[in-house]
2 protein chains.
Amino acid sequence: MPSVSCKDCPLRKLDIFTPFSSDEVKFMQVFKTGELKVDPGTTILMEGSNSPQLYTVLSGLGTRYTTLENGRRQVINFLFPGDFTGLQAGLMGEMKHSVDATTEMTLCVFRREDLWTLYRQFPERAYDLTWIAAVEEHFLGETIASLGQRDATQRIAWAFVRIRERLVAAGLSKGNAVPLPYRQQDLADALGLSLVHTNKTLNSLRSAGLATWRDGQLTIDNLASLAEIALIDPERPQIRPLM
Amino acid sequence: MPSVSCKDCPLRKLDIFTPFSSDEVKFMQVFKTGELKVDPGTTILMEGSNSPQLYTVLSGLGTRYTTLENGRRQVINFLFPGDFTGLQAGLMGEMKHSVDATTEMTLCVFRREDLWTLYRQFPERAYDLTWIAAVEEHFLGETIASLGQRDATQRIAWAFVRIRERLVAAGLSKGNAVPLPYRQQDLADALGLSLVHTNKTLNSLRSAGLATWRDGQLTIDNLASLAEIALIDPERPQIRPLM
DNA sequence: CGGGTATTTGACGATTCTCAAATGGTGTGG
DNA sequence: CCACACCATTTGAGAATCGTCAAATACCCG
């Protein structure tokens, strides 16, 4: 299968991403060195490695995580189409986390050495890259607030609202549901909960008629109540650049 | 008191910060529009506001936090000399968190409108800005892992090791101790623990001869054991650019 | 000396964890 | 086509970490 031309990139059309000028499209086409297609379970970036590549998720879902010395795993966040990853190794020399493909994924590949060229030749895109980093920072801060201050029910409600928001924005919603092909263990590791407690909390949300997550599909049955439980004030999904 | 000239900036000499070229020093001198000196307790940036300014901490310590709808406060991180803050409002239009001065602080002030100029005229500094954001992202990821996977003792041990590391790097250590003029409530809010439990855990660390935090001074009595408890593998403090 | 704030301590309760095992679905090989 | 292995989900029970409530103590400053 041939590589998707940036001109025809399906992600560009989405409302969460800032628009491209035609110059930017042309530049990205040169910046993009190829496409990577991986099977579920593949490790795309590995903690401690020194990846020479940066990626934008074109399709599919992934998991970003670290493993502590006692073997426990923390999922830092999930990767959705449009997410950019690999900056850390690109700028800091070494990956501090791993990224696995959860579903089959297609990624746009960029070369680390070209990053500096981007900064010199295309300040608009450099600015966007910082913007992307700032947006990421914002979400990580919100995650910290969730792990620190929300109880199990609130955490799951928060995760569901945010995940749905992002997947809808990525154009992946089907009716009232979005695809969420993770295991309960993945969500547990993301929210700092045990698998058992996650399972029981999910059941209570389901019987309360708030949200149903089954067979890799998340259905939000009552968004307003869920957002209220999650202590989220409704806001538009954060606009951001697409790399 | 006159503003510190970037040429004479005391932070530049520190090993954690990447070196400046003389061109960069000159550019920063122009970019810097002034200095802000604030008393303890002052709110420097406020959640929801649209600050036109960016800051580098020149001296003093601060607290970055958000408040949930139920009134609970999450301290996202502490601000130390050399930290850069305000990018979020600069790029995303609105602050998603607040920053308070804990001690008296002096901040280098930059104008948001000049940010774009920086990207066009000085790609090296633009690159550094992204680098700073990536380093910040890394620390937030580590914080998420702490809140999600470490218990109370491990969290405090982790915080102490990291904080000491950073304050030593900032040149603030006095013998075996570093200044840490926060309240126990601040640490509790940073680590997602209750004040009471934080207090009891601190006491147990003290009686175990690991660390003593008293009168705004943190003394690490046994760094090796503390790092082991914290599940931290010893590494050099992360090098980063200074803005 | 009195008010305000931070720290400390005790007691109790509950959210959440660990251990353990059952259930259910899927794919492979006999 | 069934048996079996493997994996994810589900359920139960007991334990423990941690939170909340309450109050005492200590410290600082006017």
Side-chain angles (χ1 to χ4, degrees), chain A residues 39-41 61 63 68 70-75 100 102-103 146-159 179-208 211-219 229 231, chain B residues 39-41 61 63 68 70-75 100 102-103 146-159 179-208 211-219 229 231:
Chain A
D39 287 332
L61 305 182
T63 306
L68 299 210
N70 60 358
R72 299 176 66 109
R73 179 181 79 140
Q74 174 67 42
V75 170
D100 281 4
T102 303
T103 65
S146 288
L147 300 196
Q149 307 302 332
R150 285 185 244 251
D151 67 23
T153 306
Q154 294 169 334
R155 279 183 223 184
I156 293 184
W158 169 80
L180 195 66
Y182 297 96
R183 295 167 307 161
Q184 293 186 5
Q185 183 70 66
D186 296 321
L187 186 64
D189 288 348
L191 299 179
L193 300 170
S194 71
L195 171 61
V196 172
H197 197 62
T198 300
N199 179 275
K200 287 172 180 166
T201 308
L202 285 170
N203 288 345
S204 80
L205 285 177
R206 175 158 8 118
S207 27
T212 307
W213 179 27
R214 198 158 39 194
D215 303 325
Q217 292 272 329
L218 172 64
T219 309
I229 289 172
L231 304 171
Chain B
D39 288 332
L61 306 181
T63 306
L68 300 210
N70 60 0
R72 299 175 67 110
R73 179 180 79 141
Q74 175 67 43
V75 171
D100 281 4
T102 303
T103 65
S146 288
L147 300 197
Q149 307 301 332
R150 285 185 243 252
D151 66 25
T153 306
Q154 294 170 333
R155 279 184 223 183
I156 293 184
W158 168 80
L180 195 66
Y182 297 96
R183 296 166 306 160
Q184 293 185 4
Q185 184 70 64
D186 296 321
L187 186 64
D189 288 348
L191 299 179
L193 300 170
S194 71
L195 170 61
V196 172
H197 197 62
T198 300
N199 178 276
K200 286 171 181 167
T201 308
L202 285 169
N203 287 345
S204 79
L205 285 177
R206 175 161 4 119
S207 26
T212 308
W213 180 26
R214 200 159 36 197
D215 303 325
Q217 293 272 327
L218 171 64
T219 308
I229 289 173
L231 303 173

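Predicted, not measured: the structure shown is a model, and the values here were computed from it. Just so we're on the same page: letters track the sequence lines, and every chain starts at 1.
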[N] [atom2] sits how many Å from [X] [atom1], rounded?
{"X": "A:Gln217", "N": "D:dA8", "atom1": "CD", "atom2": "C1'", "result": "17 Å"}
{"X": "B:Gln149", "N": "D:dC18", "atom1": "CD", "atom2": "P", "result": "13 Å"}
{"X": "A:His197", "N": "D:dA15", "atom1": "NE2", "atom2": "C1'", "result": "15 Å"}
{"X": "A:Asp151", "N": "D:dT20", "atom1": "CG", "atom2": "C1'", "result": "14 Å"}
{"X": "B:Asp186", "N": "C:dT5", "atom1": "CG", "atom2": "C1'", "result": "13 Å"}
{"X": "A:Arg155", "N": "C:dT15", "atom1": "CZ", "atom2": "C1'", "result": "10 Å"}
{"X": "B:Leu147", "N": "C:dT16", "atom1": "CG", "atom2": "C1'", "result": "16 Å"}
{"X": "A:Arg183", "N": "D:dC6", "atom1": "CZ", "atom2": "C1'", "result": "13 Å"}

Does [X] have a side-chain nitrogen or oxygen under 4.0 Å from the phosphate oxygens OP1 or OP2 of [N]?
{"X": "A:Gln185", "N": "D:dT9", "value": "no"}
{"X": "A:Arg72", "N": "C:dT18", "value": "yes"}
{"X": "A:Asn199", "N": "D:dT9", "value": "no"}

Mind checking the CD1-CD1 spacing from B:Ile156 to B:Ile229? Nearest 0.5 Å is all I need.
11.0 Å
Are any of the side-chain heavy atoms of A:Leu195 and A:Gln184 separated by less than 4.5 Å?
yes
If every non-hydrogen atom of [X] is compared with every non-hydrogen atom of [Y], which pair is closest and at what distance?
{"X": "A:Leu61", "Y": "A:Pro181", "value": "CD1-CD, 3.2 Å"}
{"X": "A:Leu205", "Y": "A:Ala157", "value": "CD1-N, 4.5 Å"}
{"X": "B:Gln154", "Y": "A:Asn70", "value": "NE2-ND2, 4.5 Å"}

Look at the side chain of [X] and decide which nucleotide, out of [options], has an atom nearest to it.
{"X": "A:Gln184", "options": "C:dC17, D:dT9, C:dT7", "answer": "D:dT9"}
{"X": "B:Ala152", "options": "C:dT16, D:dC18, C:dT9", "answer": "D:dC18"}
{"X": "A:Asn203", "options": "D:dT11, C:dT16, C:dT8", "answer": "D:dT11"}
{"X": "B:Val196", "options": "C:dT9, D:dT9, D:dC18", "answer": "C:dT9"}

Quick check: on DNA chain C, is the nucleotide nearest A:Gly192 upstream (toward 5') of the one nearest B:Arg206, or the reverse? Name the residue that is more 5'.
B:Arg206
Can you find an N or O donor on one side and an acceptor on the other, under 3.5 Å apart, linking the side chain of B:Lys200 with the base of D:dG19?
no
